[in-house]
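First up is the structure itself, then whatever we jot down about it.
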2 protein chains.
Amino acid sequence: MRMDIADRVSRQSKSPLYEQLYQLLRSRISAGDLKPGDLLPSETELVEQYQVSRATVRQAMDGLVSDGLIVRRQGQGTFVSPHNVDQGLVRIVSFTEDMQGRGLEPSTKLRSAELIPATEALASFLEVPIGEPLARIERLRLADGEPMSVEMAYLVHRYCPKVLEEDYTSQSLRKMLEEKYGLRISSAQQSIRAVSATIELANALSVQKSAALLSIERISYTEFNVPIEYLLLYHRGDRYRLSGELRG
Amino acid sequence: MRMDIADRVSRQSKSPLYEQLYQLLRSRISAGDLKPGDLLPSETELVEQYQVSRATVRQAMDGLVSDGLIVRRQGQGTFVSPHNVDQGLVRIVSFTEDMQGRGLEPSTKLRSAELIPATEALASFLEVPIGEPLARIERLRLADGEPMSVEMAYLVHRYCPKVLEEDYTSQSLRKMLEEKYGLRISSAQQSIRAVSATIELANALSVQKSAALLSIERISYTEFNVPIEYLLLYHRGDRYRLSGELRG
DNA sequence: TAGTGGTCTAGACCACAAA
DNA sequence: TTGTGGTCTAGACCACTAA
């Protein structure tokens, strides 16, 4: 599982030291090198190991704490969070990842993929002129063979000109954007609400008309805060739930 | 609106300087002294004004940033967020705070307050024996006079024996638990889904039967990880949305 | 160019938990 | 008592924005 993660930080890199250290520790946790409940090296040890100041170590760990991945205990040390933190409310999680975390087998059916001109609303979300060509990809997501969600993605076509020729059913859209076009999604703004299923959505999801759906609207941004995707998700209310931990 | 908020920090206080400064700035924002879009004093100015180091100022502001209350812009300054950014997905936010953040006027109607024995499910959530007496408080929450949410709180009665004699319409339940019983909620586990309104909920919320509602189930814990409250929230799908930022 | 936030350092002392 | 994280300081230099 461990990839080519160098176990050091570089002062020549364009990304800050604390960010490098954050990513490094994050990798060690997600790779299983550090397991839930494990004690992390102490701050002093990390200072020595990576040759950075304690403030930098703490800044890196702050990120992991706010991700819920680690907890600090004064006098004891810093530990990998004991429970598998459900991160759907804090991190961008792929459908595949999400379903696997729930112990379900994900699959995908393509419903449509086409080029459309940006409406006023879409243009405003994606910060492009009205009429700008957008790739619209609509997919049905299934879990254990049963419909779970309908997903509509709107991408700025100019940034990923051959996106409509790709295969969306077997590979992650996000991974494809990163590998083929160098578009890395680094943050997103989302809004969650409950809506009643339209007839079309009800049919697609195999539920009754007006069944309650959990609707998520999401705008994803690159590291330079350029919006590249507008996503509309409709999850079956009877099957899907979002969980997370709150701070006091 | 400004209460007795001293505009200074004290080194004698038991709470840390950054926490005092955080609360102080938070109050100035929620009191409307600092309005959405306003420029905050620069970090250097705050250093001079409160006689603390820049790191302490930044630590205080870090909290406000992660609350979504302020945004930093390099080269420009730090601004109060354009009030859109609710952060109900990461922090426990009171209904009052929540509505005020949306520019709505909150009010509350008590629907019932009674003592009931814990069912099996409730006992498991609250980690008490089946049959343990629980205080059940059901309230209707309104925004600008219009129904917004129905809230059912189940409290372990043993921890707060006179809770049913209190006034829940004008004061915060959380604040009351803290002040009268020393019960401070420090974390919570919540789960969000979409449901159809039952006839009773539809009547209470002035919506049609089967209207989509955003349902939140939440177990709140003290700093010692003792569950003290099980909360069931039903928000009107047409009026309520949860927003937040995700990391990539 | 002046002022802002972004990053980083090398200390210091404290509170807390475990041995 | 030792080692942990929690708080705080007084600097430094950089990157960015606007005038």
| In whole angstroms, how far is the C1' atom of C:dT7 from the CZ atom of B:R72? | 12 Å
Got a list of protein N/O to nucleotides 13-19 of chain C N/O distances below 3.5 Å?
| unit_1 | atom_1 | unit_2 | atom_2 | d |
| --- | --- | --- | --- | --- |
| C:dC16 | O4' | A:Q74 | OE1 | 3.2 |

| query | Who passes ring pair (Phe, Tyr, Trp, His ring centres under 6.0 Å) against B:H157, sequence neighbours left out? | reply | none
| message | Using OP1 and OP2 only, check whether a side-chain N or O of B:R11 sits under 4.0 Å from D:dT9. | response | yes
| With A:P117 via side-chain contact (heavy atoms from CB on, under 4.5 Å) - residues at least two apart | none
| message | If the cut-off is 4.0 Å, is B:Y18 near the phosphate of D:dT7, judged by side-chain N/O to OP1 or OP2? | response | yes
| query | Taking the side chain of B:A55 as its heavy atoms from C-beta onward, which of C:dG6, D:dT9, C:dT9 lies nearest to it? | reply | D:dT9
| Out of C:dG5, C:dC8, D:dT7, which has the shortest distance to the side chain of A:S53? | C:dC8
| request: Between C:dC8, D:dT9, D:dT7, spot the one nearest the side chain of B:T56, thanks. | output: D:dT9
| Worked check of side-chain hydrogen bond (donor to acceptor under 3.5 Å, both in side chains) between B:R72 and B:T78 | CA-CA 4 Å; B:R72 293 199 257 234; B:T78 304; 5.6 Å; no
| query | How many Å lie between CZ on A:R58 and C1' on C:dG11, as a whole number? | reply | 15 Å
| To the nearest angstrom, how far is B:L21 atom CG from D:dT9 atom P? | 11 Å
| remark: In whole angstroms, the gap separating P of C:dC8 from CD of A:Q51 amounts to 15 Å
| request: To the nearest Å, give me how far apart CD (B:E19) and P (D:dT7) are. | output: 9 Å
| said: So, using ring pair (Phe, Tyr, Trp, His ring centres under 6.0 Å) as the criterion, who are the partners of B:Y159 when residues are at least two apart? | reply: none
| said: Please report the distance, rounded to the nearest Å, between CD in A:Q59 and P in C:dG5. | reply: 16 Å
| field | Any residue meeting side-chain contact (heavy atoms from CB on, under 4.5 Å) with B:S149, in chain and number order, not counting sequence neighbours | value | B:F95, B:R141, B:H235
| query | Where along residues 38-48 of chain B does a heavy atom fall under 4.0 Å from DNA chain D? | reply | none
| Does B:R73 place a side-chain N or O at less than 4.0 Å from the phosphate oxygens OP1/OP2 of D:dT17? | no
| query | Quick one: side-chain contact (heavy atoms from CB on, under 4.5 Å) partners of A:E179, sequence neighbours excluded? | reply | A:K175
| task | Establish, for the pair B:R102 and B:Y240, whether the NZ or CZ atom is under 6.0 angstrom from the six-membered ring centre and no further than 45 degrees off its axis. | result | yes
| note | Residues at least two apart in sequence or cross-chain that pass ring pair (Phe, Tyr, Trp, His ring centres under 6.0 Å) with A:Y50, listed by chain then number, are none
| Gap between atoms CG and P, on A:L17 and D:dC14 respectively (whole Å) | 14 Å
| said: Going by ring pair (Phe, Tyr, Trp, His ring centres under 6.0 Å), name the residues that satisfy it together with A:Y230, two or more places apart in sequence or in a different chain. | reply: A:F125, A:Y154
| remark: note: A:D62, atom CG; C:dG6, atom P; distance rounded to Å ~ 15 Å
